[in-house]
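Let me begin by presenting the structure, written as structure tokens, before commenting on it.
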Amino acid sequence: MEKYIQTMAGHWLQLLISALIVLNTQVHCHGKAMVDFTFLQNAEAKGAVCLDGSPAGYRYSKGSGDGANNWLVLLPGGGWCDTTAECLNRVKTSPGTSSTKNITASSFGGILSPNQTVNPDFYNWNRVSIRYCDGSSFIGDVEEVDPETNLHYRGSRIFSAVIDELLAKGLNNAQNAILAGDSAGALGAILHCDRFRALVPNTKRVKCISDSGFFIRAKDLPNASGREQYFARTIALHGVAKFLPTSCTSRMDPGLCFFPEYLVGNVQTPLFLLNSAFDKYQISVTLKPYPADKPGWQNCTSHTETCTPAQLQIIKEFRNTFLETLKEIGDRPPTGLFISSCYIHDHLFFDSRWNSDGSPRLDNKTIAQAIGDWYFERSVVKLIDTQPNCPVDCHVL
Ligand SMILES: *[C@@H]1O[C@H](CO)[C@@H](O)[C@H](O)[C@H]1NC(C)=O
Ligand SMILES: *[C@@H]1O[C@H](CO)[C@@H](O)[C@H](O)[C@H]1NC(C)=O
Ligand SMILES: *[C@@H]1O[C@H](CO)[C@@H](O)[C@H](O)[C@H]1NC(C)=O
Ligand SMILES: *[C@@H]1O[C@H](CO)[C@@H](O)[C@H](O)[C@H]1NC(C)=O
Ligand SMILES: *[C@@H]1O[C@H](CO)[C@@H](O)[C@H](O)[C@H]1NC(C)=O
């Protein structure tokens with residue numbers, strides 16, 4: 001699988017493809033239970049549709065035993081589309097992030113796994129994964145549909161309509177609840193966290209998790225304006241601005257209010273940040289420091305042992321900036337941290353990363369143990385790996 005990924009251009013799609021390959025491998029190799037896809041009822045009438053106009057929906061595995069009244073809702077990732085052309089291209093080439101047409105059942109791993117050994121704290125909860133098919137981190141909302149492109153920008157409606165349906169299925173009586181997100185979905189989880197909390201007022205313990213969603217502005221690193229403009233275009237195209245917190249938009253340009261460093265300090269609900277300080281996606285895809293030497297940067301970021309000293313220096317500077325940015329947000333939420341040095345992106349739904357002999361450990365805790373301890377308040381979990389100064393090959397899928 002690693003080889004397959006490395007031959008791909010440095011593009012967010014590779015992440016999605018790798019996730020799909022792993023899921024499929026698990027299905028075939030270990031015979032895991034499949035989880036059906038549920039189409040949202042009256043999705044079209046509610047306007048809760050994917051980029052291509054197909055109805056939104058989710059995969060749902062019912063809770064049981066002492067987990068019967070606990071709910072975990074996951075927002076998966078898959079990058080963004082920032083222009084009409086990019087969104088059209090997404091519809092054409094990536095139904096997995098733009099559509100629910102031809103959708104099939106798939107298995108749940110990691111934090112969604114039904115296996116108690118792999119997922120001791122959440123295996124028997126009600127577990128939901130919402131389809132990510134809007135290209136805006138579940139937060140856009142544009143009423144008009146251009147008949148020429150038929151593109152629908154409705155991320156926020158998808159989130160709200162699915163949560164409404166889950167409330168009717170028992171989420172409204174939840175004792176415990178988590179809104180988790182991965183990558184672009186993690187940004188959605190951060191942005192929707194307090195809204196989610198408000199929708200389940202009687203729930204005792206509500207918390208949010210951001211996995212690989214701490215996208216830093218890194219304004220002193222190369223191509224900072226490229227990253228800022230990319231987010232600004234995404235926000236404008238998808239009509240996101242009206243959903244951004246005024247705590248951010250009142251003091252800066254809305255284009256900057258997609259950077260979690262300006263958001264997490266104002267989230268009132270407990271929030272866990274799970275991330276690598278050497279986040280592979282940010283380093284290989286969004287950093288792009290060498291416009292004139294792109295192939296060299298691609299070689300370096302797919303095989304870090306081939307990096308030149310100058311390239312490694314940029315990678316180390318990224319990490320220092322990441323840790324400094326984290327420090328600057330201070331003591332307000334996040335209330336839990338697991339910041340590793342593994343050169344990976346996405347941790348939550350791979351068994352091998354979430355909880356295995358080889359999974360990243362800090363303070364000898366796997367991610368599953370760290371998040372379980374934080375969620376149930378068994379201990380304070382603020383773990384940051386400050387030891388190695390190079391990206392670590394953690395030998396996990
Ligand atoms: C769905 O399947 C049909 C028939 O195989 C195919 O023509 C179409 O392109 C598929 N659509 C998507 C979005 O995958
Ligand atoms: C649960 O996971 C463990 C550890 O990976 C594995 O050994 C076991 O076979 C799994 N159980 C089931 C029922 O799949
Ligand atoms: C800068 O980053 C943006 C967004 O990631 C990217 O589209 C652009 O190509 C980058 N610029 C250069 C010069 O590589
Ligand atoms: C990238 O790696 C390939 C294969 O190892 C090599 O042929 C090519 O010259 C490298 N490109 C750069 C710019 O280093
Ligand atoms: C780390 O945890 C593993 C299993 O959870 C245990 O076997 C091992 O002894 C622990 N190592 C240390 C150094 O505490």
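Quick caveat, the model's predicted, so the values are computed rather than measured. Indexing begins at 1, ligand by ligand and atom by atom, following the structure's order.
- No side-chain donor from either of Asn355 and Asp351 sits under 3.5 Å from a side-chain acceptor of the other.
- Counting the atoms of ligand 3 from 1 in the order shown, those under 4.0 Å from a heavy atom of Asn223 are 1 (C), 2 (O), 3 (C), 8 (C), 10 (C), 11 (N), 12 (C), 14 (O).
- For the pair Trp374 and Pro270, the minimum side-chain heavy-atom distance is below 4.5 Å.
- In the vicinity of Arg361, heavy-atom distances shorter than 4.0 Å reach the ligand 5 atoms 2 (O), 5 (O).
- Each of the atoms 1 (C), 2 (O), 3 (C), 8 (C), 10 (C), 11 (N), 12 (C), 14 (O) of ligand 2 lies under 4.0 Å from some heavy atom of Asn115.
- Classification of Lys327 and Glu261 as a salt-bridged pair fails, no side-chain N sitting under 4.0 Å from a carboxylate O.
- Of the protein's heavy atoms, at least one falls inside 4.0 Å of atom 2 (O) of ligand 5.
- Side-chain contact, Asp385 with Ser340: no donor N or O sits under 3.5 Å from an acceptor N or O.
- At a distance under 4.0 Å, a protein heavy atom can be found next to atom 14 (O) of ligand 5.
- Considering backbone and side-chain N/O atoms, Thr117 never comes within less than 3.5 Å of an N/O atom of ligand 2.
- You'll find the side chain of Leu263 reaches within 4.5 Å of the side chain of Leu187, heavy atoms only.
- A donor-acceptor contact closer than 3.5 angstrom links the side chains of Asp66 and Asn124.
- The heavy atom nearest to atom 5 (O) of ligand 2, considering only Asp357, Val118, Asn119, is found in Val118.
- The protein heavy-atom contact nearest to atom 11 (N) of ligand 5 is Asn364 ND2, 2.8 Å.
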